[in-house]
Amino acid sequence: MNHDFKTIEPKWQQKWEEAGAFHAGDDRSKPKFYALVEFPYPSGAGMHIGHVKAYAGLEVISRKRRMDGYNVLFPLGFDAIGLPTENYAIKTHVHPRVATDRNIEKFTMQMKKIGFSFDWSRTIDTTDEGYYKWTQWIFLKMFEHGLVFRDKTLVNYCPSCKVVLSNEDSQGGKCDVCKSDVVQKSKDVWYLRITEYADKLLEGLDHVDYPANIKAQQVNWIGKSRGAFVDFSLSGIDEKLTIYTTRPDTLFGVTFMVMAPEHPVLDKYKDRISNFDEVEKYRAECAKKTEFERTQVNKDKTGVRLSGLTARNPVTGGDIPIFISDYVMMGYGTGAIMAVPAHDERDYEFARKFGVDIIEVVKGGDISEAAYTGDGEMVNSGFLNGLCNKADSIARMIDHLEKEGIGKAGVQYKMKDWAFNRQRYWGEPIPIVHCPVCGMVPVPYEELPLRLPEVTKFEPGEGGESPLAAIDSFVNCKCPKCGGDAKRETDTMPQWAGSSWYFLRYIDPRNDKVFADPDLLKYWMPVDWYNGGMEHVTRHLIYSRFWYRFLYDIGEVPYPEPYLKRSAQGLILGPDGEKMSKSRGNVIDPLDIVAAYGADVLRTYILFLGDYGASAPWADNGVKGCRRFLERVAALTDIAKGTGSTKELERDFHKTVKKVTSDIEDMKFNTAIAALMTLLNRIGEVGSLTADELKTFVKLLSPFAPHISEEIWEKLGGKGFVSLSGWPSYDEALTVDSEIEIAVQISGKLRGTVLVPADADRDATLAIAKSDPKIAAALEGKTVVKEIVVPGKIVNIVAK
RNA sequence: GCGCCCGUGGCGGAACUGGCAGACGCGCCGGAUUUAGGAUCCGGUCCGAAAGGGUGCAGGUUCAAGUCCUGUCGGGCGCACCA
């Protein structure tokens, strides 16, 4: 065996570590490159193959950039707050601190076996008190700037985890951790006012290089819509019910209103509502439903018509009924809607079921059959009649509402404020004190970190209170403001807190005066390239942009957006084409592959198996192909002689250098590796190469398969590490052949190929094509109608 | 419902701004070597005997379409009674 990976891989891993080969340097005169990958949660199960693919992309790019002469920062840390560790603690009584340290150690050891070029001197752990001190510090800064508030509202609550969830953590009405149905529960909740940053988060997307689908997903998640707030007066009482609508142009078609069952106005006028008992019954039914059931689109509309309380259509003056129904959500808009059954599918369905009038105001459909949501001429609409342009009608109506003082233009967002507290032990304590005199008082900055107390019971309480609530020595404290007796907040922060700013800490990981030195921030930020999973697009990626933008607004960081460029890797599916899972039994353990074939083969195969951004199934035979490739590369030292250049392979090398260089930058790793395989096949045909050529070859190979590359480099007498040598350059002129083969078509059909000089112009190319015997024969007796020549590409002769 | 993406050999996948479809790898077929198996090496491999035909299907634009346009079928992802 030429490729003794079992010996050489540990050998080079040790040498890199001893030399600190991949530590980011202090030389700020060099151009910098900050490559970031999403840091892992150190679960007890250790690394899986998805981690390897997630890190391999920027691993290759970082290695190339080092060879390009950049000062590269490519760190990895651990996002260690999470329920699995806590659940493990509950089950086994092993303290989360102990379990976390153990898991981090295991993870680190596994990563090193893959040969990743992370700067391990900068590793961080979000549960380390030297780290979470600064998480708490940022929280207090937000508090100071009015971005933190507490509210008792209906929140997403997971009855199984006994924990409050943010909107982002309960997508589809399921708990993100345990997949249980989320219920709505009234609770005191800490919120971060992320909605205040909605516009900034949207606007920031114009200045970053993210894939279009990621931008689209974030835009969609933020969900900005433009419309109008309109006041509807209630008949007989001095009260207005404000609604939000995106279609103020259809106001003349409003025939009823609908409120969310929880709407507070109902309680205020319960004496007037003669069927309030029905209302309460309906509310009870709704409360029993899970969030998932309630938001099922296709379920039948239900509701209650209020007796004794009606509203007035503000443009027609007509009296209209009010309903309550759970298809209107308290959490969006104002919790009440105007219903235009003729032009809204949900209102149409409801009106049909409850026998309410349907008035057409936009022509174009058949409202006896279905709601018409398209554009058309306005009818039955007073001053809007005859208008055909929706934007016009909306503008006119808003103008009217504002003049009359009954409404105004407005915007709404689907994104909600971030429910920020969890009733859990293993998280950052929220540094707030509740004082009976002063109210909510922040813990003074100099007292940070507010440490997690030692507990013996990690379970949350039955009523959903934090385990910290049972620790009197933690709870009871003095108010920092007035010195009187006070109680600490006992909830902790969600797992997304620590990860919302971790990329800043890598820059200056051991600083205990500031979260990172401003000069270093100025040098290293923003992150040049951030790679991660699609599952974080509407969670971590939004949250961290929000925190960073806040820090920018208060002058703590130098640029408004944290990540210049974002990419996302695709999944590695099991050999059966299904998502890998233990229950399916199709899991590939990367360490098994390392043991059997070596880390170089694993790395090469993962990047060779398909488009980096796409999901692709694992194939054991494909791994063997990559092993063969590296075996054959190892054998090249036997035929590499001399240092002079030979003409035979010269152009092949220049072409390959060019291809691999650009393919790596485009994350087209599969074709970069294919190009190296092609070059290897070419070397095989020639039968020999020079030592210099082989050095070039291993430089190109080293980002993918660094161990074998170092080994060959050393054998050839290369100085230092190939990983830190210069990236090869190429001569553009030598990347094209002096003679090229071009296709000749007759009337669009391929009839042959001819060799022409690379610099042949139109006439010369055409002449050569026509003189080709096969072409000449095919043209015999035909009339040439048109001759198309694209020099260097193709000749097409249209003939009859 | 809204938004985004994808349909190419037996398989994973290549194909720059429209310009020789199927690079590279796997698998398969034949041969060499081997006691055998494995490994390795050499040759072949889109379909078709050929003329020809081929990128989910049907049209269109163009000298030329996997690539652009229209429609349609199939698959995937995200959000979702969002007013």
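Each chain gets a letter, A, B and so on, in the order its sequence line appears, and its residues count up from 1.
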| Protein-to-nucleotide contact annotation, 5' to 3' order, nucleotides 45-56 of chain B [B base; S sugar-phosphate only; - none; under 4.0 Å, heavy atom] | -------S----
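- Scored by the ring-ring contact (aromatic ring centres under 6.0 Å, His included) test, A:Phe232 finds no partners at all (sequence neighbours excluded).
- Remark: the separation of the P atoms in B:C11 and B:G56 is 13 Å, to the nearest Å.
- Distance CD (A:Glu349) to C1' (B:C81): 9 Å, rounded to an integer number of Å.
- Of the two residues contacting RNA chain B, namely A:Thr753 and A:Arg539, the nearest-nucleotide position lying further toward the 5' end is that of A:Thr753.
- In this structure, A:Glu262 atom CD and B:C81 atom P are separated by 14 Å, rounded to whole Å.
- For the P atoms, the distance linking B:G71 with B:C82 amounts to 25 Å, nearest Å.
- Under a cutoff of 6.0 Å and an axis angle of 45°, A:Lys301 and A:Tyr327 form a cation-pi pair.
- Across all strands, A:Thr538 comes closer than 4.0 Å to no nucleic acid atom at all (heavy-atom distances).
- If you find the closest nucleotide of RNA chain B to A:Ala616 and to A:Ser225, the one lying nearer the 5' end belongs to A:Ala616.
- B:U55 and B:G10: their P atoms are spaced 13 Å apart (whole Å).
- Rounded to whole Å, the distance from CG on A:Asn167 to C1' on B:C82 is 11 Å.
- What separates CD of A:Gln412 from P of B:A83 is a distance of 9 Å, to the nearest Å.
- Taking the P atom of each, B:U61 and B:G52 are spaced 25 Å apart, rounded to whole Å.
- Counting only N and O atoms by type, the side chains of A:Asn586 and A:Trp618 include no donor and acceptor under 3.5 Å apart.
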Polar-atom pairs under 3.5 Å, protein N or O versus N or O of nucleotides 60-67 of chain B: list them with distances, or write none.
unit_1	atom_1	unit_2	atom_2	d
B:C63	OP1	A:Lys786	NZ	3.4
B:C63	O2'	A:Asn796	ND2	3.1
B:C63	O2	A:Asn796	ND2	2.6

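- The list of salt bridge (charged side-chain N to carboxylate O under 4.0 Å, His left out) pairs with a residue in residues 218-228 of chain A, not counting sequence neighbours, reads A:Asp199-A:Lys224.
- Within the 4.0 angstrom heavy-atom criterion, only backbone atoms of the sugar-phosphate kind lie near A:Lys668; the bases stay farther away.
- Out of B:A83, B:G3, B:A80, the shortest distance to the side chain of A:Ala216 is found at B:G3.
- The salt bridge (charged side-chain N to carboxylate O under 4.0 Å, His left out) pairs that include a residue from residues 756-768 of chain A number zero, where partners must be two or more places apart or lie in different chains.
- Minimum heavy-atom separation, A:Ile740 to A:Gly792: CD1-CA, 3.7 Å.
- For A:Ala743, the side-chain contact (heavy atoms from CB on, under 4.5 Å) criterion is met by A:Leu750, A:Ile794, not counting sequence neighbours.
- Note on A:Asp666 versus A:Lys668: no salt bridge recorded, every NZ/NE/NH1/NH2 to OD/OE distance being 4.0 Å or above.
- Ring pair A:Trp418/A:Tyr191: centre-to-centre distance not below 6.0 Å.
- Here A:Thr255 pairs with nothing under the side-chain hydrogen bond (donor to acceptor under 3.5 Å, both in side chains) rule; sequence neighbours left out.
- Among the nucleotides B:C20, B:G78, B:A83, the one closest to any side-chain atom of A:Tyr332 is B:A83.
- Rounded to a whole Å, the CG atom of A:Asn220 is 13 Å from the P atom of B:G78.
- The base of B:C20 sits within donor-acceptor range of the side chain of A:Glu741, with an N or O pair under 3.5 Å.
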Extract all donor-acceptor atom pairs below 3.5 Å that involve side chains of residues 677-686 of chain A and protein atoms in other chains or at least two apart in sequence.
unit_1	atom_1	unit_2	atom_2	d
A:Thr678	OG1	A:Ala674	O	2.8
A:Asn681	OD1	A:Arg632	NH1	3.2
A:Asn681	OD1	A:Arg632	NH2	3.2
A:Arg682	NE	A:Asp652	OD2	2.9
A:Arg682	NH1	A:Glu685	OE1	3.1

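- For A:Phe5 and A:Tyr597, the ring centers are positioned 6.0 Å apart or more.
- Across the protein-nucleic acid pair, A:Leu755 atom CG and B:C20 atom C1' stand 13 Å apart, rounded to whole Å.
- Partners of A:Leu205 under the side-chain contact (heavy atoms from CB on, under 4.5 Å) rule, at least two apart in sequence or in another chain, are A:Val208, A:Tyr210, A:Lys215, A:Gln218, A:Val219, A:Arg545.
- A:Asp611 comes within 4.0 angstrom of sugar-phosphate atoms only, judged by non-hydrogen atoms across all strands, and of no base.
- Of the C1' atoms belonging to B:A21 and B:A64, the separation is 14 Å, rounded to the nearest Å.
- Straight-line distance between the C1' atoms of B:G22 and B:C47: roughly 13 Å, to the nearest whole Å.
- When the side-chain nitrogen and oxygen atoms of A:Lys414 are compared with OP1 and OP2 of B:G3, none of them lie within a distance under 4.0 Å.
- The same atom, P, is picked in B:G44 and in B:G38; the two are 23 Å apart, to the nearest Å.
- The aromatic ring centres of A:Tyr413 and A:Tyr332 sit 6.0 Å or more apart.
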Pairs: protein N or O with nucleotides 23-27 of chain B N or O, under 3.5 Å:
unit_1	atom_1	unit_2	atom_2	d
B:G25	OP1	A:Asn681	ND2	3.3
B:C26	OP1	A:Arg628	NH1	2.6

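- Here the C1' atom of nucleotide B:A14 and the CG atom of A:Leu607 are 16 Å apart, to the nearest Å.
- If you measure from atom CD1 of A:Ile572 to atom C1' of B:G12, you get 13 Å, rounded to the nearest angstrom.
- One P atom belongs to B:G66, the other to B:G9, and the distance between them is 14 Å to the nearest Å.
- Among the heavy atoms of the strands lying under 4.0 Å from A:Asn213 are primed sugar atoms or P, OP1, OP2 only; no base atom is included.
- A salt bridge links A:Arg584 with A:Glu578: the closest approach of a Lys/Arg side-chain nitrogen to an acidic carboxylate oxygen falls below 4.0 angstrom.
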| request: Go ahead and write out RNA chain B as dot-bracket, 5' to 3': ( ) for pairs within the strand, [ ] for ones crossing earlier pairs, | when the partner sits on another strand, dots for unpaired; Watson-Crick or G-U wobble, both distances under 3.5 Å. | output: (((((((..(((......[....)))((((((.......))))))((....))..(((((..]....))))))))))))....
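- The ring pair (Phe, Tyr, Trp, His ring centres under 6.0 Å) pairs that include a residue from residues 663-687 of chain A are A:Tyr612-A:Phe669, where partners are two or more places apart or lie in different chains.
- Dashed line: the shortest gap from a side-chain N or O of A:Tyr244 to OP1 or OP2 of B:A83 is not under 4.0 Å.
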